[in-house]
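It should be emphasised that the depicted structure is a prediction, and the values quoted were computed from it without experimental measurement. Index from 1, following the sequence.
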Amino acid sequence: FQGRRFKANTGDRLDFETDSYVGQVKNCRTLSLRRLEALAMEMERLGSQKSPRKIGAVVVKRSAGSGTETPHLIVLTEGEWLELCGRLPMEEL
């Protein structure tokens, strides 16, 4: 995201912040969908409190063991996705 990175494990809720985004980064073996959902909702809330408003995101990288590459996943709530991309042409307002 090319922004300011906060030191890990400082107790701060944000791991990074840019002009447009705030978020957390998780590098773990497992992360439940329930926990991922809670993190995404928290990032959305924290982003909405910024002025100007920022998109809240969770960046997840699964640790699969030595020598095994895994992709980064960017997780947004539906609300953040719509804020980022706008509504689809066929959607009702």
Side-chain angles (χ1 to χ4, degrees):
F1 282 88
Q2 302 294 320
R4 193 170 96 205
R5 179 97 160 105
F6 301 105
K7 290 184 179 180
N9 301 322
T10 60
D12 196 359
R13 296 309 304 152
L14 297 176
D15 288 333
F16 67 88
E17 184 170 356
T18 71
D19 291 343
S20 303
Y21 299 93
V22 296
Q24 277 201 8
V25 178
K26 297 293 180 191
N27 188 356
C28 48
R29 287 196 181 278
T30 62
L31 181 62
S32 74
L33 190 55
R34 178 177 286 185
R35 180 72 180 125
L36 185 57
E37 176 185 41
L39 284 169
M41 291 172 60
E42 181 181 13
M43 293 305 103
E44 178 178 29
R45 181 180 57 79
L46 292 174
S48 71
Q49 294 173 352
K50 296 289 184 174
S51 182
R53 189 195 187 297
K54 298 182 180 191
I55 300 292
V58 181
V59 179
V60 182
K61 179 136 173 60
R62 184 174 61 91
S63 295
S66 180
T68 305
E69 291 292 323
T70 59
H72 288 87
L73 304 175
I74 312 300
V75 179
L76 306 170
T77 64
E78 179 184 16
E80 294 297 73
W81 177 256
L82 292 173
E83 183 73 25
L84 182 64
C85 298
R87 297 199 179 275
L88 296 173
M90 301 300 283
E91 284 185 312
E92 292 181 25
L93 297 176

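Screening residues 49-87 for ring-ring contact (aromatic ring centres under 6.0 Å, His included), with sequence neighbours left out, gives no hits. Sorted by first and then second residue, the ring-ring contact (aromatic ring centres under 6.0 Å, His included) pairs involving residues 25-71 (not counting sequence neighbours) form an empty list. Note on residues 17-52: pairs passing ring-ring contact (aromatic ring centres under 6.0 Å, His included), not counting sequence neighbours, are F1-Y21. Sequence neighbours left out, not one pair with a member in residues 21-36 passes salt bridge (Lys or Arg N to Asp or Glu O under 4.0 Å).
Remark: T70 engages K61 in a side-chain hydrogen bond (donor to acceptor under 3.5 Å, both in side chains) (not counting sequence neighbours). By the salt bridge (charged side-chain N to carboxylate O under 4.0 Å, His left out) test, R53 is found to be paired with E80, residues two or more places apart in sequence or in another chain being considered.
Contact record, A40 with V75: CB-CG1, 4.2 Å, taken as the closest heavy-atom pair. Between N27 and S63 the shortest heavy-atom distance is OD1-OG, 2.7 Å. Between L76 and A57, the shortest heavy-atom contact is CD2-CB, 3.6 Å.
The distance from atom OG1 of T18 to atom CZ of R4, rounded to the nearest 0.5 Å, is 11.0 Å. Here L39 contributes atom CG and T77 contributes atom OG1; the two are 12.5 Å apart, rounded to the nearest 0.5 Å. Rounding to the nearest 0.5 Å gives a distance of 14.0 Å between CD1 of I55 and NZ of K50.
Linking Ile, Leu, Val, Met, Phe, Trp and Tyr whenever their side-chain heavy atoms come within less than 4.5 Å puts L46 and V60 in one cluster. Under the 4.5 Å side-chain heavy-atom criterion for ILVMFWY residues, no single connected hydrophobic cluster contains both L82 and M41. Taking hydrophobic clusters as Ile, Leu, Val, Met, Phe, Trp and Tyr residues chained together by side-chain heavy-atom distances below 4.5 Å, L36 shares a cluster with M43.
Under the 4.5 Å side-chain criterion, counting only non-hydrogen atoms from C-beta, Q24 is not in contact with L14.
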